[in-house]
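First comes the structure, then the notes that go with it.
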Amino acid sequence: MEFTLGIACFLTSIGGIATYVLGIFAEIKRMPPPMPVLLKHGKMKCNYPEDHSIYFGYLAILFTVLSSVVGSMYKYHRAGGVRVPADAYQHNSMLKVFYCWAMFMEGLALYMMIKPLYTMRQLGNMTYEQAIVKCPSPDRGLVAGGALSAFGAALLWIVVFVFARNCRLDFLRGDDGNSSVGSYGLIDDEVGADW
C-alpha cells in the first residue's frame with residue numbers, strides 16, 4: 001500500500017484528535033493533594049500520592065511526536081517510485097511557511113506538555129529546609145494548552161501535505177516552478193490518483 005495524501009491526512013488528524021482528548025483528560029483529572037512529611041532536623045518533604053492521570057499526558061506527547069513524524073515522512077516520501085529532490089520543494093514559499101509553522105506549533109506543544117509533567121516528577125523529590133504551610137501543587141494547565149497547540153499543528157500539517165503534493169506533481173510533470181503562467185482549470189488524471 002502506497003503512502004498517499006489521504007492516509008497521511010487520516011493519520012495526522014487521528015494523532016491530533018487523540019492528543020487533544022488525552023491532554024484534556026490529563027488536565028481534568030485532578031490529583032489528590034500532597035501530604036507534608038516532617039523529616040529530621042526540621043526539614044520537610046511533600047509526599048505526592050500516585051497519580052494515574054499523568055499517563056494521559058505521556059500518551060498525548062507520544063501522539064504529538066507520531067503526528068510530527070508522519071508529517072515529515074509524507075513531505076519527503078517517494079512519489080510513484082520516483083525520488084523528488086528537496087530542491088523541488090524550495091520553489092513553493094507557502095510550503096516553507098506552513099512547514100515552519102507546523103514544526104513551531106509541534107515544538108511549542110511538546111514544551112507545554114513536557115514541562116508540567118517534568119515538574120510533577122521533580123516536586124516529589126524536593127526537600128524543604130523549613131516546614132511550610134502548604135505543599136506546592138504542579139500547574140497542569142499547560143498540558144491542555146499544549147494539546148490544543150498540537151491539534152492546531154495537525155491541521156497545519158494537512159495544509160503542508162497539500163502543498164507538498166502540489167510541488168511533487170509539478171516536479172513529475174516537468175514544471176520548474178519559474179513560469180508565471182499556469183494551467184488553471186485543467187483536470188489531470190494524476191491528481192485523483194493520490195487520494
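For the pair R168 and F163, the cation does not sit on the ring face, since its NZ or CZ is not both under 6.0 Å from the ring centre and inside 45° of the axis.
The shortest distance between side-chain heavy atoms of M105 and L156 falls below 4.5 Å. Considering only heavy atoms from C-beta on, C167 comes within 4.5 Å of L95 through its side chain.
The aromatic ring centroids of W157 and F98 lie 6.0 Å or more from each other.
Here the rule is side chain to side chain contact (heavy atoms under 4.5 Å, CB included) with F10, and of I7, I14, T12 only I14 fits it. Checked options V70, V162, I158; the residue passing with C9 is I158 (criterion: side chain to side chain contact (heavy atoms under 4.5 Å, CB included)).
Contact record, A60 with M113: CB-SD, 3.7 Å, taken as the closest heavy-atom pair. Across S68 and M103, no two heavy atoms sit closer than the pair OG-SD, 4.2 Å.
In this structure, L108 CG and L142 CG are separated by 9.5 Å, a value rounded to the nearest 0.5 Å.
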### Message
Evaluate E27 against F56 for side chain to side chain contact (heavy atoms under 4.5 Å, CB included), listing each step before the verdict.
### Response
CA-CA 9 Å; E27 173 66 25; F56 289 131; over 6 Å; no
### Message
Let's go through S149 and E106 carefully: what are the C-alpha distance in whole Å and the side-chain angles of both, what is the deciding distance for side chain to side chain contact (heavy atoms under 4.5 Å, CB included) to 0.1 Å, and is it a yes or a no?
### Response
CA-CA 7 Å; S149 177; E106 292 279 349; over 6 Å; no
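Ring planes of Y20 and F151: tilted class, angle from 30 to 60°. Using cut-offs of 30° and 60° for the angle between ring planes, the Y55 and Y58 rings count as tilted.
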